[in-house]
Amino acid sequence: MTQDTQTKEDFFTQRSHFCGDVTADQVSQTVTLNGWVAVNRDLGGLIFIEMRDRSGFFQIVADPEKNPQVHGILSGLKAETVITATGPVTRRPEDTYNPNLPTGEFEIYPTSVEVISRSKTLPFQLDDEADLVDEGLRLKHRYLDLRRPKMHQNFLLRHQVAQAIRNSLNSQGFLEIETPILLKATPEGARDYLVPSRVHPGQTFALPQSPQIFKQLLMVSGMERYYQIARCFRDEDLRADRQPEFTQVDLEMSFVNQEDVLSTVEDLLCQVFSVSGITLEKPFRRMSWQEAMEKYGSDKPDLRFGMEFIDLTDIFTTSEFSAFRQQVEKGGVVKALMVKGAASYSRKELDDLQVMAKRFGAKGLAYIVYNEDGPKSPILKFMSEAEQQAIQQRTGAETGDAVFFAADSFNAACAVLGRFRLLFGEKHNLIDKNRHEILWVTDFPMFEVDDAGNLSPNHHPFTSPRPQDLELLDTDPGKACSLGYDVVYNGAEIGGGSVRIHQRDLQAKIFKLLGLTDEEAHEKFGFLLEAFEYGVPPHGGLALGLDRIVAMLAGEDSIREVIAFPKTNNAACPLTSAPSAPSEEQLKELHMAWVLPEEEAEA
RNA sequence: GCGGCGUUAGUUCAGUUGGUUAGAACGCAUGCCUGUCACGCAUGAGGUCAGGGGUUCGAGUCCCCUACGCCGCGCCA
């Protein structure tokens, strides 16, 4: 205890060291530690307290014979009491070293201790098992959940990643510039969060879904290279890897081509991944969207395992097997997956695959199983001997293997087999968790074409087409590819961007293809188009999903584990009970009134 | 908006075919215990079985509705 209250200048004695920083250098030196009681092991005589701060743990010992006063204070202290302990660092008796603790060879017998504040019994225990505690409860008491060393590690990692991003971009000539949070709603894309304003009755701001427009304006401003670790908001339903508010690493560069952007981001990602001790090879692999779909059935292929699709379309152009031949005649494809060892699937497993295929939007999943007494399949009887041989030869299937087929339009067949590729990869443990496969997927189609033939932008309406595809815009715009690119890590899209259109004529043509009139285009993006009247540099950029990147580096499945105060699945905050109803006065001031659905109005 | 799974002690869970007084571990409380580190030992408290309705002689258990949570589909330029 600090005895002399007359000279006391603080409510507590400040630490000289952090718990985890005490080493052999401090032995016999007097230190003061501040922290929480993690565990109190009271042996009746000796008391061992494991003290915790952000840096780690340190053991405090109290001996009733050596210092009855200190022993008295520490006796019966509950977990999570905040204390100060001062005393000389001593080496533990050698047979009592704790190898599980970095400071496990040391301890202090304090000469003084202070209880700074006490804790109620916790709603859940802050041990490793807290990961299993109901997430709602963890979020309700997030300040306790965040006390756990694992969570500290996650946020240390997040901090280091943010630093790596800034280091890399700063050294590459980028300026960090903030853009507005309250902005004009753009009627496209995700649903906006709207913010009413007292001074503008009947009008709202929208929260940014991304700083897209502003970063392009900054290029018009001649800022040359901009970045921002930007919060973005989308009022859409959630997923494990999706939050209504999330963080993008947003960047944009002027007078660059696609290759410049990719190489800049490669430097950035190499630095980011090195935070976790992962070395990425530059340049990253490049794969066109077409190739990714053709071989892996996904625009974010997981390259940690092979199992590429095998194209069998040509085998069935003149086949007697009409189910396949008709798809080919309609311009579709026949694609196959060869799965080693899948011949051992039970009847039930094969049936389950059919159910899943239907859920994925296919009619079913045709298969041939190769077991010891030859190939077995419900579709075998429709195929000629030559076709059967061609299949086995092309796929390389051997006894014990199975081949699964999808015959459909290119997109549908690839999509279905892509889902099954991941499923089989998981099921057969083909995914090497120690591999780090990063790649660029490039040459995305400019447009998505709906059933009625309407075009919508695959990325966004400012994405430039490839120079070599300009003519296709007139002849067959559905086939035109863009200068858009995604960066994909272990089967997850962690970022994407594009080279933007800086030519007025071209932008007008794209708007026209998208079915936007001049008036509509100006209504939506007038300020950007106007800015583009005053000399616009060629520019391009990209945005990375920071939450997802950090979660993957931390080995977490959910981005909520790397967001300090995340929302629940319901887009609500259990800690603060947000959102909540505004007061009558607030509504009145905003000139607003609710028009609620019946049943909610009663609540 | 839709589907799946879940909700039992403070926490994590078990709870048989619908049948007496709903259990365990950890935590908590009290006592004992002088080298623990998942300390140990003993005793004890602690339950609106999420809420509502129904079936039944009888419901934690079966059915329906609601709420909440997680996962997925739609959605997310």
Side-chain angles (χ1 to χ4, degrees), chain A residues 38-51 57-66 71 75-76 78-80 90 92-101 103-105 107 109 119-141 144-145 186-192 209-210 212-213 232-244 246 356 359-361 419 444 446-448 455-463 482 484 493 496-498 510 514 516 524-525 543 545 557-558 560 567-572 574 599-600 603:
Chain A
V39 194
N40 183 351
R41 285 183 284 271
D42 187 340
L43 270 56
L46 288 178
I47 291 173
F48 296 94
I49 284 183
E50 230 173 85
M51 191 169 171
F57 296 88
F58 197 83
Q59 177 161 283
I60 313 292
V61 197
D63 185 330
E65 285 164 19
K66 286 185 181 163
H71 182 271
S75 171
K78 288 176 68 139
E80 302 308 319
T90 53
R92 299 191 195 182
E94 205 164 329
D95 56 334
T96 65
Y97 286 176
N98 182 356
N100 302 320
L101 232 51
T103 60
E105 293 183 17
E107 61 194 4
Y109 287 85
S119 170
K120 295 204 292 186
T121 299
L122 300 175
F124 57 93
Q125 287 158 254
L126 304 184
D127 53 23
D128 296 339
E129 309 228 322
D131 274 346
L132 306 173
V133 170
D134 174 69
E135 205 178 338
L137 191 70
R138 285 175 58 203
L139 292 183
K140 186 170 177 188
H141 303 276
L144 294 178
D145 192 37
T186 50
E188 299 211 0
R191 297 184 183 92
D192 283 318
Q209 297 181 18
S210 81
Q212 182 61 40
I213 302 276
C232 307
F233 306 86
R234 294 177 189 175
D235 190 2
E236 294 292 347
D237 288 334
L238 283 66
R239 290 287 188 285
D241 60 356
R242 213 195 290 160
Q243 281 274 299
F246 59 99
M356 251 176 274
R359 206 183 302 152
F360 295 160
R419 303 284 291 264
F444 278 78
M446 275 292 284
F447 306 105
E448 282 170 19
L455 303 179
S456 60
N458 200 327
H459 185 50
H460 61 53
F462 315 114
T463 302
S482 72
E493 181 202 327
S498 63
I510 298 299
L514 292 172
L516 281 178
K524 290 177 178 180
F525 313 112
D557 290 330
S558 166
R560 273 177 254 121
K567 301 282 187 283
T568 65
N569 229 14
N570 209 5
E599 61 275 11
E600 287 174 42

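Numbered from 1 within each chain, the chains take letters A, B, ... in sequence-line order.
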Flag, side chain of A/Q209 to backbone of A/A190, donor-acceptor distance under 3.5 Å: yes
Exam field: side chain A/E50 to backbone A/N40, donor-acceptor pair closer than 3.5 Å: no
Residue whose nearest RNA chain B nucleotide is more 5′ - A/D63 or A/G104: A/D63
Given RNA chain B, 5'-ward residue of the pair A/H460 and A/E135, judged by closest heavy atom: A/E135
Scan nucleotides 8-11 of chain B against the protein and return all N/O pairs shorter than 3.5 Å with their distances rounded to 0.1 Å.
{"from": "B/G10", "atom 1": "O2'", "to": "A/P123", "atom 2": "O", "distance (Å)": "2.7"}
{"from": "B/G10", "atom 1": "N2", "to": "A/Q125", "atom 2": "OE1", "distance (Å)": "3.4"}

Is any side-chain N or O of [X] under 3.5 Å from a base N or O of [N], one able to act as donor and the other as acceptor?
X	N	answer
A/D237	B/G74	yes
A/R234	B/C76	no
A/R92	B/C37	yes
A/E107	B/G35	yes

Nucleotide-level pairing of RNA chain B, given in dot-bracket where Watson-Crick and G-U pairs need both distances under 3.5 Å and | marks other strands: (((((((..((((.....[...)))).(((((.......))))).....(((((..]....))))))))))))....
Between the protein and nucleotides 39-42 of chain B, which nitrogen or oxygen pairs come in under 3.5 angstrom?
{"from": "B/C39", "atom 1": "OP2", "to": "A/R41", "atom 2": "NH1", "distance (Å)": "2.5"}
{"from": "B/C39", "atom 1": "N4", "to": "A/D42", "atom 2": "O", "distance (Å)": "2.6"}

Electrostatic pair A/R191-A/D235, nearest N-O below 4.0 angstrom: no
Minimum-distance nucleotide (side-chain atoms of A/N100 versus B/U36, B/C71, B/A38): B/A38
Closest to the A/N569 side chain, choosing from B/A29, B/C71, B/G69: B/C71
Within-4.5 Å side-chain heavy-atom neighbours: A/D63 and A/H71: no
Could you work out, with side-chain contact (heavy atoms from CB on, under 4.5 Å) as the rule, every residue matching [X], not counting sequence neighbours?
X	answer
A/S498	A/H459, A/H460, A/T463, A/R500
A/L132	none
A/L101	A/F57, A/R92, A/N98, A/T103

Using a 4.0 Å heavy-atom cut-off across all strands, classify [X] as base, sugar-phosphate, or nothing.
X	answer
A/T568	sugar-phosphate
A/D127	nothing
A/Q59	base

A/E129 atom CD, over 12 foreign heavy atoms within 6.0 Å: no
